[in-house]
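Keep in mind that the numbers below use all heavy atoms, side chains included, and drop hydrogens, waters and symmetry copies. Keep in mind that what you see is a predicted model, and the values were worked out from it rather than measured. Letters A, B, ... mirror the listed sequences (proteins, then strands); counts begin at 1.
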Number of protein chains: 2
Amino acid sequence: MHTDRIRLSSLHSKVMSAEQAAALIQDGMTVGMSGFTRAGEAKAVPMALAERAKKTPMKINLFTGASLGNDLDKIMTEAGLLARRSPFQADATLRKAINAGEVMFFDQHLSHTVEMMRNKQLKKPEVAIIEAVAITEQGHIVPTTSLGNSASFALFADKVIVELNLAHNPNLEGLHDVYIPTYRPNRQPIPLLKVDDRIGTTAIPVDPAKIAAIVVTNQPDSYSTVTPPDEETAAIASHLIKFLENEVEAGNLPRNLGPLQAGIGNIANAVLTGLKDSPFEDLVMYSEVLQDCTIELIDAGKMKFASGCSITLSERCNDRVFGNMEKYKDKLVLRPQEISNHPEIVRRIGIIGINTPLEFDIYGNVNSTHVGGTKMMNGIGGSGDFARHALAIFVTKSTAKDGKISSVVPMVSHVDHTEHDVDIVVTEQGLADLRGLAPRERARVIIDNCVHPSYRDKLNNYFERACAKGGQTPHILREALEWHIQLEETGSML
Amino acid sequence: MHTDRIRLSSLHSKVMSAEQAAALIQDGMTVGMSGFTRAGEAKAVPMALAERAKKTPMKINLFTGASLGNDLDKIMTEAGLLARRSPFQADATLRKAINAGEVMFFDQHLSHTVEMMRNKQLKKPEVAIIEAVAITEQGHIVPTTSLGNSASFALFADKVIVELNLAHNPNLEGLHDVYIPTYRPNRQPIPLLKVDDRIGTTAIPVDPAKIAAIVVTNQPDSYSTVTPPDEETAAIASHLIKFLENEVEAGNLPRNLGPLQAGIGNIANAVLTGLKDSPFEDLVMYSEVLQDCTIELIDAGKMKFASGCSITLSERCNDRVFGNMEKYKDKLVLRPQEISNHPEIVRRIGIIGINTPLEFDIYGNVNSTHVGGTKMMNGIGGSGDFARHALAIFVTKSTAKDGKISSVVPMVSHVDHTEHDVDIVVTEQGLADLRGLAPRERARVIIDNCVHPSYRDKLNNYFERACAKGGQTPHILREALEWHIQLEETGSML
């Protein structure tokens, strides 16, 4: 019974249909919504809003944690509901609208959104829509499979709509650790010293008077799609693990490597899964999204604890975890994405950050977002939050599209991580350790170790001619973007 | 008497000539030296090393705080002494050698150098050379006009050479606040909550047994060169102050603006000097270099306190401060650059960061280091430490070289600060507030507000044609770097 899950009985009267709740949102409003990488997004109210927008055109500015499941970004885009979207998305239809200039997409470091709102550098949401597994006796909101930006959105908004989703196991309660930084100028240090520290509350401490509607739903999250490691991702994992072994051997990294972060996606997932067969023990994770690989490492006895802001699993892994929460509850915690990605913590605890770029260049600049320098893929996500202060490792296959695209280029067509922030790059060809190197030295190790053989001569040729021209970072400007231009014109960089 | 300044008498026997001290440094060694923007660099030993290298070729890897005075980088370069140099420099001769590929320059965020060494991601110096105003009864080193990386270099090195510089007023003692983060995994939060908090010691707590040599010198720092504000820098200051006034008015910033950071140089200096005539009171600074403008704001009663890691003054200002330290000592503090620039602190206390780029593009990407995408100017310095987590403001004249170079271009030729990190850009033409905007919107406000009229039509033309091609960040790759190519080939972007 849903009323069992609304433990503050005065709120029972707030239960209403999704359409009624959606009526609280007006054309032009800024809405903050739960949801982070297909996990824990509000589902019914955005659907109802989309239906309404199809009949009576309206637009909202939508902020979330990150990407949404259940095709919500597609449905809202098709309904013409989205004027602005931030800070991340991963939907083909929305992507198309963004690239056509129809939806204004503000692509942010994921730890920055609520910090900017708190400090009045970005407009706060007027309404928050938060998926919950329960409402406590105090009227506080117990989130579901992601915490993301939900807590701050709920605290900032004038009105909060709760989607009470009966499809989520109520024993998710206790998994979350809600900590909100205090306001400046009285901001205190974030008192988190170890990945498993709990520093907050298990529910979002919202004033129950602000809860304007409760919509009862019963719809699961979308599963993540995980493809098994292939020969190339296995080779990437192997190069990286070899490097990590050497670093431990040399005394440069602790025997458990220190806290790990991994971006979402198959390559990072394959690398982490590769750690199952590594010599490292007592691994811990301080990351954004907890994925299948996290669970597999825990089940294999390799990982002691994992901290994230969302948990997104494949169908295969889903029941194993959510059907046995008690088994995992002392090994997992979900935090606000501001805390899971916070530079203060990343720098304090010393993270190894493993993320996947679209491309990188011979000098170690990384493009994580823009295909051909112009078209948005998903957004920078948390990669920048981590890479700046972590041991920053970027992993990718050396080519894409049957070898027609080289992931290593003379000059990236867009920069999301500068040369100052990138420590290690890895492809199936090998690993380049860029730490402490000048750009010319970086080019040498990148070309020698990471580039696919079919592009190596061409890159060497570019680099040598550029060096002859001189400079700290030698380039021939007239040719620097030529590979991308050729791709655009002929469909291949070859 | 120099012996009065060596208060641990067992160290008196370590006094020797610069040549004798320099003999402690071998070919191929990594040396960590004091010095930050012409302030507090060791002077005699590097000179002696350069003399020696001229006779017997030798090379060292030199790490400092930042740039050096007294033409030291020039002299060491000409002597062929430098194999590697990091993390910052500002010397014409060294710059030339770097761009010729003769000296390997590793251009780092200034807060990262000693953190990377501490965590064994970068080789620690074998020898440290630290300028001091005194050595305490405990054998601890009292730095001079900069603290920079001196404390960690001295702690990391096997041997420490102290240059006791009698030209500095001994009453600099007490100005410094030496705080060193603890080692991971037991790192504690940095206990600094306000710009005037003192959290460390006034001297560098080095083991006196490591002090291998003391060289007595008597040579002042180089003065900084400050040119008076001109019409354009005054216009930049005026646009920025108007913006800040509006932000205070709207309740988006506190009445004293919060802690200020300003990059070195005439434009930032002019902007800060402009605050003398602003309505703001009780200003505080949490910055890197304390410059003339800092002192002028303090003397005008506008600024209460300033924290930095170095103090670099013009000849005019120098005696006023160092001749009257007692007047300023409760209003100034010098910290390690790791702390003055630390992301934990920058994000906690909420800084307004004002820095000067070489160029920025219509989408808000900033180039701070590379002329024409290839040739190093000085290095990124602390701008990235601050911009990532501050309210990041970049100020520059809209053109350079008599109008032949536009500071606003279609695509920057090198990226040091990505679109994700840049909040406000200002030229003498006006100010563009980029917060929360998608790239297409940023281009509109930048072109309308910041571009020099002689380039506005050309940029509009580019932007409109790029938009017709589409994309989140519209570009015509074949033309994106054309302005730089034209400059290279014809000497003008016009």
Item to check | side-chain contact (heavy atoms from CB on, under 4.5 Å) partner of B:Pro259, the single match among B:Ile352, B:Ile351, B:Leu283, B:Ile345 | outcome: B:Ile351
Contacting moiety of [X], where chain A heavy atoms sit under 4.5 Å:
X        : answer
B:Asp385 : backbone
B:Leu391 : both
B:Arg347 : both

Sort out for me which of [options] touches chain A most, counting heavy-atom pairs under 4.5 Å.
options                                : result
B:Gln108, B:His414, B:Lys194           : B:His414
B:Arg442, B:Glu482, B:His342           : B:His342
B:Ala466, B:Ser86, B:Gly251            : B:Gly251
B:Leu122, B:Asp107, B:Ile349           : B:Asp107
B:Gln121, B:Met116, B:Lys375, B:His475 : B:Gln121
B:Pro343, B:Pro181, B:Gly470           : B:Pro343

Determine, for [X] against [Y], whether the closest basic-nitrogen to carboxylate-oxygen distance falls under 4.0 angstrom.
X        : Y        : result
A:Arg478 : B:Glu489 : yes
B:Glu115 : A:Arg388 : no
A:Glu102 : A:Lys96  : no

Next on the checklist: Checking the side chain of B:Arg255 only, and the main-chain atoms of B:Glu249 only, is there a donor and an acceptor separated by less than 3.5 Å?
Outcome noted: no
Which of [options] touches chain B most, by non-hydrogen pairs under 4.5 Å:
options                      : result
A:Asn365, A:Asn119, A:Asp421 : A:Asp421
A:Thr418, A:Asp433, A:Leu192 : A:Thr418
A:Asn186, A:Ile476, A:Leu437 : A:Leu437
A:Gln188, A:Gln472, A:Lys120 : A:Gln472

Next on the checklist: Is there a side-chain contact (heavy atoms from CB on, under 4.5 Å) between A:Met376 and A:Gln89? Walk through the geometry before answering.
Outcome noted: CA-CA 10 Å; A:Met376 174 55 54; A:Gln89 58 78 37; 4.0 Å; yes
Checklist entry - For A:Ser368 and A:His417, does a side-chain donor sit closer than 3.5 Å to a side-chain acceptor? => result yes
Checklist entry - Checking A:Asp416 against chain B: side chain, backbone, both or neither under 4.5 Å from a heavy atom? => result both
Checklist outcome for this item: Sorted by chain and residue number, the salt bridge (Lys or Arg N to Asp or Glu O under 4.0 Å) partners of B:Glu441 (sequence neighbours excluded) come out as A:Arg84
